[in-house]
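I have placed the structure first, in the form of structure tokens, so that the comments after it can refer back to it.
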Amino acid sequence: MAGEFSLIDRIRARVVRRGDVVLGIGDDAALLTPEAGGQLVVAMDTLNVGVHFPGDTAAADIGWKALAVNLSDLAAMGARPAWCTLSLSLPTPDTEWIDAFLDGFDALARPHAVALVGGDTTRGPLSVCVAVHGFVAPGHALRRDGAQVGDDVWVSGSLGDAAAALAQWTQGGARDTELRRRLDRPDPRLALGQALVTHAHAAIDVSDGLLADLGHLCRASGVAAQVDVDALPASAALRRAIADPGQHRTLQATGGDDYELCFTAPQHARAAIAAIARASGIPVTRVGCIVAGDGVVARTGDGAAWTPARAGWDHFAG
Ligand code: ADP
Ligand code: MG
């Protein structure tokens, strides 16, 4: 498309440099030196306007989030990120938009030393697809299929903020900037995921809602889970914005887009996990346990069965 090359030049001028990138943006393909003895971990996620972010989302926030959701997948594998590629579909070759997009993208790529090594730029409805590549020591990846009966179920950070922001945006009315920040700028839990590789049995990042994502983990592991919905961590912003405890629980248990880690670990690892949380600065909360069977059963603190008002977000539902 017209201006494609000036856009690519702008992207190229800002990439993070790494010694393992032999040839980055500019040739027909990138040339990379994989980590000796490491296993390559690859993930890809697409963000479409109106589906994965509200239409009024700032370009810088789209740039951040496009990379963040991918890094979150690597975090959930316990991997260290190295490289990424970026496929951009833009309605117009808008240099102001691309510079703002790169501001957000770069703000996350730089601290995590992720090098953008290539991509594709086309004209079309706004859509951003990122693929990330990272490494993990052989046999150390945090998979979904490793949960064992008797494990604790843990969650990082707090749940429900992003879903609350989305609900506020959809309904109009009061909008909380702290909640909106959780929706626009999720913080991939990379340090936590990497530290958990020697303690956790299984992990998944919470993108569709805790109960839905924990359900994926249980299915892969051939086990069931019990969750105490009153134990789910809530931020001060969520408590402030939404007073009704029933609404809290639904947002925390089923709201997507928080990009926290949900992981299982043996009970004897509790002290080690608490130490990892302190060291990484990300709080973790025990919210349930793994039992024999299938499915996820949610209960309130008094032991009563609890069912959400709606299930986790499913792009192809209804
Ligand atoms: P080709 O026709 O060989 O696919 P392109 O013109 O699509 O080449 O891309 C030229 C170079 O710019 C390639 O190295 C490609 O990886 C890179 N590139 C194109 N678009 C992007 C993008 N959005 N982000 C990063 N690199 C890009
Ligand atoms: Mg191309």
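Computed from a predicted model, the values in this text were never measured in an experiment. When a ligand or atom number is given, it counts from 1 through the structure's own listing order.
Distances from atom 13 (C) of ligand 1 to the heavy atoms of Leu23, Leu90, Asp27, Ile98 show the closest one on Asp27. The heavy atom nearest to atom 21 (C) of ligand 1, considering only Leu102, Leu116, Thr122, Asp120, is found in Asp120.
Considering backbone and side-chain atoms together, Gly119 places an N or O closer than 3.5 Å to an N or O of ligand 1. Residue Gly26 has at least one nitrogen or oxygen atom sitting less than 3.5 Å from a nitrogen or oxygen atom of ligand 1, judged on distance alone. The distance criterion of under 3.5 Å between nitrogen or oxygen atoms is not met by Ile11 with respect to ligand 1.
Numbered from 1 in the order shown, with element, the atoms of ligand 1 that lie under 4.0 Å from a heavy atom of Ile25 read 12 (O), 14 (O), 17 (C), 25 (C), 26 (N). Residue Thr121 approaches ligand 1 through these ligand atoms, each under 4.0 Å from one of its heavy atoms: 19 (C), 20 (N), 21 (C), 22 (C), 23 (N). The distance from ligand 1 to the heavy atoms of Asp28 drops below 4.0 Å at these ligand atoms: 3 (O).
Rounded to the nearest 0.5 angstrom, Leu261 CG and Ser72 OG are separated by 6.0 Å. From Asn70, atom CG reaches atom CG of Leu67 across 7.0 Å, with rounding to the nearest 0.5 Å.
No continuous path of hydrophobic side-chain contacts links Val69 to Ile204 [ILVMFWY only; heavy atoms under 4.5 Å].
The main-chain N or O of Gly256 is never found under 3.5 Å from a side-chain atom of Asp208 such that the two would form a donor-acceptor pair. Distance alone, capped at 3.5 Å, is enough to place a donor-acceptor pair between the Gln267 side chain and the Gly150 backbone.
Annotation: side chain of Cys262 is in contact with side chain of Leu210 (closest heavy-atom distance under 4.5 Å).
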